[in-house]
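We count ligands from 1, going down the list as the structure has it; atoms in each ligand are counted the same way.
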Amino acid sequence: MKDNKLISAIVVAAGKGTRMGTNIKKQFIMLDKKPIILYSINEFCKNDFIDEIVLVTSKEDISYCKDLIKEEGLKKRITIVEGGKTRQESVFCGLKSVSPNTDIVLVHDGARPFIKNLDLGKLIQEAIRYGSATFGVLSKDTIKIKNDSMEILETLDRSKLVAIQTPQAFEYKKLFLAHKEAQRKNYVGTDDTVLLDRCNITTKVVEGNYYNIKITTKEDLDFASIIKQKLQIN
Ligand code: CTP
Ligand code: MG
């Protein structure tokens, strides 16, 4: 399936974690014995589809991340680069730093540690077929549109909703061009698939799982320790 394609994974971890509100940035909070950021990096290292990893972080955290990676004794090629002001800018920094002959690029939030049982092969296969693929889960909640005064304006049809996660996977060239196009139009999105939507490229959703949470607020740390046990991650 992988053929001789070069597959790179970008892990973005240059955010400030304002919603978490802790002194230490959420991606570096210790979950049991390891900082959150190492969980997904370890999984990408174990996965045979992935040829190299680019970790994107803030300038002030680069040397700390280098030490973390070194201490972990990881075998795969891991490059650490500086990110930008928005997630989108950070992904772009990663895109400029992967091997120039990358065919497929995965983009992942460093704040999502639990990618253990996700079928990355399936995601990559769909990225080859569609140009763009993402993990997602059906929405359990009813989602509504509100105004700034918290008054409901509209109720969306739940059966049509999917909660989008990462990793997402793309044909490298398509994602690069989609970022360039977004920059030209001054558009900033909260994930990468929206940039492909805007270039009329359809994204295929691969069913993920509900354990793949994004650590965002303090209570997520409680959920995270339960999920870690459940998935038997050491
Ligand atoms: N991210 C990044 N560069 C930024 C902003 C975000 O690399 N300038 C990364 C975060 O580190 C995180 C992922 O993008 O792994 C998803 O972003 P989010 O959950 O919003 O994290 P933060 O932006 O750090 O949190 P908040 O929005 O609460 O400030
Ligand atoms: Mg953010």
Side-chain angles (χ1 to χ4, degrees), residues 8-31 34-45 50 52-66 68-69 72 78-98 105-116 118 120 123 134-137 162-170 175-176 178-179 182-183 186-196 203 208 210-224 227-228:
S8 306
I10 296 171
V11 178
V12 285
K16 291 194 164 64
T18 34
R19 285 170 290 178
M20 178 65 71
T22 41
N23 289 333
I24 173 161
K25 291 172 193 160
K26 62 181 182 179
Q27 59 272 34
F28 303 127
I29 291 175
M30 297 298 279
L31 183 58
K34 289 182 207 287
I36 284 168
I37 185 66
L38 280 183
Y39 285 77
S40 57
I41 290 185
N42 268 314
E43 285 301 324
F44 284 132
C45 280
I50 309 296
E52 63 164 9
I53 298 164
V54 173
L55 170 59
V56 184
T57 193
S58 312
K59 193 173 188 173
E60 72 260 25
D61 297 318
I62 289 181
S63 73
Y64 169 67
C65 285
K66 281 192 176 145
L68 276 182
I69 300 289
E72 197 69 5
I78 305 178
T79 313
I80 303 174
V81 299
E82 184 181 346
K85 284 191 290 295
T86 61
R87 181 190 184 279
Q88 189 170 310
E89 279 181 30
S90 294
V91 172
F92 193 67
C93 294
L95 285 175
K96 288 186 292 184
S97 310
V98 297
V105 64
L106 272 67
V107 179
H108 182 61
D109 292 329
R112 288 185 193 269
F114 303 121
I115 59 171
K116 186 177 176 188
L118 296 174
L120 293 189
L123 183 78
T134 181
F135 283 113
V137 285
V162 57
I164 294 302
Q165 305 176 333
T166 71
Q168 303 185 333
F170 308 91
L175 183 61
F176 194 90
H179 270 260
Q183 284 166 17
N186 268 323
Y187 176 77
V188 181
T190 52
D191 82 335
D192 290 279
T193 64
V194 66
L195 307 186
L196 285 116
T203 297
Y210 292 101
Y211 293 125
N212 181 19
I213 61 167
K214 181 153 68 74
I215 309 287
T216 307
T217 56
K218 285 206 174 100
E219 48 290 339
D220 292 327
L221 297 171
D222 296 329
F223 302 136
I227 295 169
K228 181 185 173 287

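In this structure, atom 25 (O) of ligand 1 has a protein heavy-atom contact shorter than 4.0 Å.
Within the 4.0 Å heavy-atom shell around ligand 1 one finds K26. Using a 4.0 angstrom heavy-atom cutoff, G84 counts as in contact with ligand 1.
Taking every heavy atom of both residues into account, I53 and C45 meet most closely at CD1-SG, 3.6 Å. Closest approach of A111 to I36, counting heavy atoms only: CA-CG2, 4.4 Å. Minimum heavy-atom separation, V194 to G189: CG1-CA, 3.9 Å.
Of the protein's non-hydrogen atoms, S90 OG, 2.7 Å is the one closest to atom 3 (N) of ligand 1. Among all protein heavy atoms, the one lying closest to atom 29 (O) of ligand 1 is T18 OG1, 2.4 Å. The protein heavy atom nearest to atom 14 (O) of ligand 1 is R87 CG, 3.5 Å. Among protein heavy atoms, atom 20 (O) of ligand 1 sits closest to R19 NH2, 2.9 Å. From the protein, the heavy atom lying nearest to atom 22 (P) of ligand 1 is G17 N, 3.7 Å. Nearest protein heavy-atom neighbour of atom 6 (C) of ligand 1: G15 CA, 3.5 Å. Protein heavy atom at the shortest distance from atom 13 (C) of ligand 1 is D109 OD1, 3.3 Å.
Taking distance alone, with nitrogen or oxygen atoms compared against 3.5 Å, V12 approaches ligand 1 more closely than that limit. Polar contact check, M20 against ligand 1: no nitrogen or oxygen pair lies under 3.5 Å apart.
When each atom of ligand 1 is checked for a heavy atom of A111 under 4.0 Å away, the hits are 15 (O). The contact set between ligand 1 and K85, taken as ligand atoms under 4.0 Å from a residue heavy atom, comprises 8 (N).
Counting heavy atoms from C-beta on, the side chains of I213 and I227 come closer than 4.5 Å. For the pair P113 and I215, the minimum side-chain heavy-atom distance is below 4.5 Å.
Residues that satisfy the side chain to side chain contact (heavy atoms under 4.5 Å, CB included) test with S58, not counting sequence neighbours, are A14, K25, E60, D61.
Taking the six-membered ring for Trp, F176 and F92 have ring centres closer than 6.0 Å.
Atoms CD1 and CG, from I78 and L68 in turn, are 10.5 Å apart once rounded to the nearest 0.5 Å.
Salt bridge annotation for K26-D220: absent, with no cationic side-chain nitrogen under 4.0 angstrom from a carboxylate oxygen. Ion pairing between a basic and an acidic side chain is recognised when a charged N comes within 4.0 Å of a carboxylate O; R87 and D191 show no such pairing.
For the residue pair E219 / T217, a side-chain donor-acceptor distance below 3.5 Å is found, with atom types taken as modelled.
Contacts of E89 with ligand 1, taken as heavy-atom pairs under 4.0 Å, are absent altogether. Contact annotation for A14 and ligand 1: heavy atoms of both the backbone and the side chain come within less than 4.0 Å of the ligand. By the criterion of a heavy-atom distance under 4.0 Å, the backbone of T86, and not its side chain, is placed next to ligand 1.
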